[in-house]
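Order of listing sets the numbers, starting from 1, for every ligand and every atom in it. Quick note: numbers below take in every heavy atom, side chains included, and nothing from hydrogens, waters or symmetry partners. As the structure is a computational prediction, the values presented were derived from the model and not from experiment.
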Amino acid sequence: MPQSYARRMDRVRPSAIRELLKHGADPALISFGGGYPDQRLFPLDDLRSVFDALLQPEQAASLQYTTSDGLPALREAIAERMTAQGTPMVADDVLILSGGQQGLDLVAKMLVDPGDTVIVEDPTFLGALIAFAPLEPTYATVRLDEHGMDTDHLAEVLAANPGVRMLYTVPDFHNPTGVTMSLERRRRLIELANEHGLVVLEDSPYRELRFDGEPVPTLKSLDTEGRVIHLSSFSKILAPGMRLGWLAASPELRERLGLLKLAADTQSGTLAMHAAASFIAGFDLDAHVERLRVAYGAKRDLMLATIDEAFPASVGRTTPEGGLFTWLTFPEGFDSARFMAEVALPEAKVAYVPGTTFFADGGHPNHARVNFSNVSDDDIVAGITRLGHHLRRELA
Ligand SMILES: Cc1ncc(COP(=O)(O)O)c(C=O)c1O
């Protein structure tokens with residue numbers, strides 16, 4: 001049956017990452033393409049006892065409908081944690097989400113009419129481009145370097161695009177590049193947002209996974225006019241399958257986002273919200289996050305050292321101070337998607353994500369994102385060494 005669809009479906013297409021997963025079945029393949037946390041680090045024993053306690057008759061309400069904004073105890077716990085970490089807020093500022101991904105959808109629904117310009121980093125998080133696409137935005141892109149979004153370039157982009165409403169940034173351990181925005185640039189970004197009347201969506205699910213260096217204040221904590229929506233998630237600090245995230249915003253924005261949340265899915269899963277709240281109340285989330293930092297930090301070190309040893313000098317990489325990824329820059333003219341299809345997958349048996357997919361306007365074929373959190377130490381060494389061997393031949 002030939003079927004016609006809403007116009008927005010023209011923008012809803014399978015992503016390169018989905019294509020890549022097709023190759024995941026080859027047991028010899030070492031994939032640096034994913035962005036998963038390491039499931040061997042999930043706090044299974046603690047979560048088992050949390051879920052056991054919730055699935056008792058006297059706790060049956062943990063399977064009941066609850067308020068759309070989220071379980072009050074969880075909102076309270078998040079506000080306390082974020083306040084303790086330097087971003088002051090109260091429970092009322094917090095909206096619980098079904099994963100951080102839902103925040104991308106809701107904020108875009110609130111701010112983007114078809115054809116509106118959204119400012120994003122170049123490159124940016126692919127999941128954000130996927131979430132924004134049905135709203136039919138156009139993009140204005142801002143350069144990024146090792147200190148995050150280039151705010152001089154942002155000032156130019158804003159001058160060329162009057163009336164822009166929304167800016168999206170991943171300031172901490174950026175996906176895909178791993179870089180972190182400097183404090184100076186964060187201050188400048190807030191100044192520019194105030195000057196131009198922007199709403200800033202600060203997406204920071206990796207913030208707590210810092211391996212070294214000092215935390216840089218959140219944009220939300222530097223916000224002077226209630227323009228920053230801070231978005232975060234339990235996916236990388238607890239477990240992504242719980243599908244829990246949160247946003248914190250000014251009362252005016254939070255209220256509207258709450259109405260959109262109600263329309264989208266009524267509420268996030270009550271059991272998951274209870275479990276996260278009980279975990280925070282009864283166990284030590286900070287100690288758990290510390291274990292993750294140590295484990296992922298060691299994997300980061302191993303990956304960077306192996307890249308430095310195995311790759312030709314003409315391949316650049318970032319030095320992420322946290323998060324899950326590093327970003328490779330190959331010489332001009334190198335096509336990382338072609339190399340993956342013709343050499344990396346069939347010969348080296350290694351996958352990564354070709355960089356083009358993270359650029360709102362495509363292009364930039366000479367980059368790749370590589371993940372270190374969900375690859376064993378042996379596979380990091382073997383996969384990077386194999387890739388390096390083939391890159392040396394290719395780039396000789
Ligand atoms: C930058 C960024 N934002 C948001 C998300 C969404 O994560 P979740 O929906 O699991 O919270 C991710 C997941 O990888 C991400 O990397």
task: Evaluate the ring planes of F330 and Y352, with Trp represented by its six-membered ring, and classify them as parallel (under 30°), tilted (30 to 60°) or perpendicular (over 60°).
output: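 F330 and Y352: tilted rings.
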message: Check the orientation of W327 and H367. Use parallel for under 30°, tilted for 30 to 60°, and perpendicular for over 60°.
response: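 Parallel, since the angle between the ring planes stays under 30°.
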task: Quick one: closest heavy-atom pair of L111 and R165, and the distance?
output: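 Closest approach of L111 to R165, heavy atoms only: O-NH1, 2.7 Å.
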field: Shortest non-hydrogen contact from T66 toward Q267
entry: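 For T66 and Q267, the tightest heavy-atom pair comes out as N-OE1, 2.6 Å.
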Measure the distances from the heavy atoms of [X] to every atom of ligand 1 and state whether one is below 4.0 angstrom.
| X | value |
| --- | --- |
| K236 | yes |
| P205 | yes |
| R243 | yes |
| Y206 | yes |

message: Check this for me - ligand 1, Y168, N or O atoms closer than 3.5 angstrom, yes or no?
response: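 No, since none of the N or O atoms of Y168 sits under 3.5 Å from an N or O of ligand 1.
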Nearest non-hydrogen atom to [atom] belongs to which of [options]?
| atom | options | answer |
| --- | --- | --- |
| atom 15 (C) of ligand 1 | F234, F125, F325 | F125 |
| atom 2 (C) of ligand 1 | N175, L231, D203 | D203 |
| atom 8 (P) of ligand 1 | G245, S235, P176 | S235 |

Tell me yes or no: between the side chains of [X] and [Y], is some donor less than 3.5 Å from an acceptor?
| X | Y | answer |
| --- | --- | --- |
| D172 | T180 | no |
| S98 | K261 | yes |
| Q39 | N374 | no |

Going by the atom numbers of ligand 1, which of them fall below 4.0 Å from some non-hydrogen atom of [X]?
| X | value |
| --- | --- |
| G100 | 8 (P), 9 (O), 11 (O) |
| S233 | 8 (P), 11 (O) |
| G99 | 9 (O), 11 (O) |

field: Residue, atom name and distance, where the atom is the protein heavy atom closest to atom 6 (C) of ligand 1
entry: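 Ranking protein heavy atoms by distance from atom 6 (C) of ligand 1, first comes Q101 N, 3.7 Å.
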- prompt: Do F339 and F334 make the cut of ring centroids closer than 6.0 angstrom?
  reply: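 Yes, ring centres under 6.0 Å apart.
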